[in-house]
S.K.: 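Mind looking over this structure? Questions follow.
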Amino acid sequence: MEFVTVKVLYIALFILVIHTIETLAYAVRLSGARVGLIASALSLFNLMVIVSRMANMMQQPFTGSLIDTAPSANPLPFVESQYRAILGASTVGTIIGMILLPTFVALFSRSIIRLSEKGGSIPSLFRMMFSIEYIKRGLHQIHLPKRSYLKGFSLEQIPKRLFFINMLVTSIYTVGVLSALYAALLVPERASTVIMASGLINGIATILLVVFVDPKISVMADDVINKKGDYRKLKNVSLMMITSRLFGTLLAQLVFIPGAKYIAWFTKFIV
């Protein structure tokens, strides 16, 4: 597997961490509803989203450099193999996030309470979280998911439309940059145009997420706080969203090449 270089492994590890963080972000709303501090939870949620987006921006130049270092002879299958390995890391990262979800619901619950007690000071929260005493207490919260965690889970309660929308949005966000970079190999005469199109693709995916997905989960969390909804249902929907996210990373493997071809075709109307 000569396409798996040290750089590809580093990028894959970066992507794995990013998708683990984004998967665990679902635990924040659960924790906020659990302790009754949804506004404080959202501030912590926004922090995680910013960290993951910043990390995603940091890895993009390294991912793009794989095109520059591709062999001159038959570069398309070589780069495709590298990018599919990176896409596989997003799936692994999502699975790790699923496994760690119960642990982080407990940890975030404590963190949200501490954030409220410290008047919303993130630096103070970080100082406490990285103290030896807090780390030791946090280690006792680590536990693998049990079958009892799925107690009350019912497929009938799953909003199927939301499931497929989240899966589609996740696939677009996961593959957007990679498809744009690959499209630069398909139409080298428009390489700059197609690479810059990746920002537009991710922007559209973010808008779809904000319009169709996030508000529904936020309202459900508010209903739990206001005693109008059931925490178990919120947990079930959150598990559904994480599962749809996992399928979205798998769908990204299917839409990777078609997405690159579509970007290459679309950009001919711009230049």
Side-chain angles (χ1 to χ4, degrees), residues 1-23 52-95 165-209 244-271:
M1 298 202 306
E2 60 181 10
F3 64 89
V4 181
T5 63
V6 174
K7 184 184 291 185
V8 171
L9 291 176
Y10 279 136
I11 296 171
L13 181 60
F14 224 111
I15 294 295
L16 184 148
V17 172
I18 290 170
H19 281 264
T20 300
I21 292 174
E22 293 190 345
T23 302
S52 66
R53 294 293 189 272
M54 185 64 187
N56 195 36
M57 291 175 61
M58 290 172 61
Q59 62 82 23
Q60 287 179 14
F62 298 98
T63 306
S65 69
L66 295 177
I67 292 179
D68 297 330
T69 57
S72 55
N74 206 18
L76 288 175
F78 186 85
V79 173
E80 178 183 350
S81 300
Q82 290 182 320
Y83 281 5
R84 289 197 182 279
I86 293 172
L87 286 173
S90 68
T91 302
V92 175
T94 303
I95 293 173
I165 289 175
N166 190 57
M167 183 174 72
L168 178 62
V169 171
T170 300
S171 67
I172 294 173
Y173 176 75
T174 301
V175 83
V177 172
L178 297 180
S179 289
L181 290 171
Y182 190 80
L185 288 176
L186 297 177
V187 284
E189 69 278 8
R190 299 195 299 272
S192 299
T193 305
V194 296
I195 289 175
M196 294 304 293
S198 64
L200 176 62
I201 296 168
N202 284 345
I204 293 173
T206 302
I207 291 172
L208 292 173
L209 186 68
S244 71
R245 178 181 176 81
L246 175 63
F247 281 107
T249 62
L250 295 173
L251 180 61
Q253 295 277 6
L254 297 178
V255 302
F256 169 48
I257 297 299
K261 291 180 178 179
Y262 176 77
I263 294 170
W265 170 81
F266 178 76
T267 53
K268 73 180 182 179
F269 298 105
I270 299 176
V271 297

S.K.: If you look at every heavy atom in Ala264 and Val194, which pair is closest and at what distance?
M.R.: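 Heavy atoms only, the tightest pair is CA-CG1, 4.3 Å.
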
S.K.: Sequence neighbours left out, cut at 3.5 Å: what donor-acceptor pairs do the side chains of residues 247-255 make with other protein atoms?
M.R.:
from   : atom 1 : to     : atom 2 : distance (Å)
Thr249 : OG1    : Thr91  : OG1    : 3.0
Thr249 : OG1    : Leu246 : O      : 2.6
Gln253 : OE1    : Arg84  : NH1    : 3.1
Gln253 : NE2    : Arg84  : O      : 3.2

S.K.: When you look at Val79 and Leu185, which way does the side-chain contact (heavy atoms from CB on, under 4.5 Å) test go after all the steps?
M.R.: CA-CA 9 Å; Val79 173; Leu185 288 176; 3.7 Å; yes

S.K.: Any heavy-atom pair between the side chains of Ile86 and Leu66 that's under 4.5 Å?
M.R.: yes

S.K.: Hey, could you give me the CD1/OG1 distance between Ile18 and Thr23, rounded to the nearest 0.5 Å?
M.R.: 11.5 Å

S.K.: What is the minimum heavy-atom distance between Thr174 and Ser90, and which atoms define it?
M.R.: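 Here Thr174 and Ser90 meet closest at CG2-OG, 3.6 Å.
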
S.K.: Backbone N or O of Thr170 within a donor-acceptor pair of the Arg245 side chain at under 3.5 Å?
M.R.: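 Not a single qualifying donor-acceptor pair exists.
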
S.K.: Is the closest side-chain heavy-atom distance between Thr63 and Phe14 below 4.5 Å?
M.R.: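 Not in contact.
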
S.K.: Could you grab the distance from atom CD1 of Ile11 to atom OG of Ser65, nearest 0.5 Å is fine?
M.R.: 5.5 Å

S.K.: Could you note down all residue pairs passing ring-ring contact (aromatic ring centres under 6.0 Å, His included) where residues 167-206 supplies at least one of them, sequence neighbours left out?
M.R.: Tyr182-Phe256

S.K.: Are any of the side-chain heavy atoms of Gln82 and Thr5 separated by less than 4.5 Å?
M.R.: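 Touching, per the 4.5 Å side-chain cut-off.
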
S.K.: Measuring from Leu181:CG to Ile67:CD1, what's the distance to the nearest 0.5 Å?
M.R.: 4.5 Å

S.K.: Side chains of Ile172 and Ile204: closer than 4.5 Å at any heavy-atom pair?
M.R.: no

S.K.: Nearest 0.5 angstrom please: Glu80 CD to Leu87 CG, how far?
M.R.: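 CG of Leu87 is found 10.0 Å from CD of Glu80.
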
S.K.: Which atom names give the shortest non-hydrogen contact between Ala260 and Ser179, and what distance separates them?
M.R.: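 Looking at all heavy atoms of both residues, the closest pair is CB-O, 3.3 Å.
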
S.K.: Tell me which pairs pass salt bridge (Lys or Arg N to Asp or Glu O under 4.0 Å) where either residue lies in residues 61-70, with sequence neighbours left out.
M.R.: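 Counting only pairs at least two positions apart or across chains, no salt bridge (Lys or Arg N to Asp or Glu O under 4.0 Å) contact touches residues 61-70.
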
S.K.: Considering residues at least two apart in sequence or located in another chain, which fulfil the side chain to side chain contact (heavy atoms under 4.5 Å, CB included) criterion with Leu9?
M.R.: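 Listed in chain order: Val4.
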
S.K.: Is there side-chain contact between Val92 and His19, with at least one heavy-atom pair below 4.5 Å?
M.R.: no

S.K.: List the residues meeting side chain to side chain contact (heavy atoms under 4.5 Å, CB included) with Lys261, not counting sequence neighbours, and say none if there are none.
M.R.: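 Partners of Lys261 by the side chain to side chain contact (heavy atoms under 4.5 Å, CB included) criterion, ordered by chain and then number, come out as Leu186, Ile257.
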
S.K.: Which value, rounded to the nearest 0.5 Å, describes the distance between Leu13 atom CG and Ile15 atom CD1?
M.R.: 10.0 Å

S.K.: Run the ring pair (Phe, Tyr, Trp, His ring centres under 6.0 Å) test against Tyr262 and tell me which residues pass, sequence neighbours left out.
M.R.: Trp265

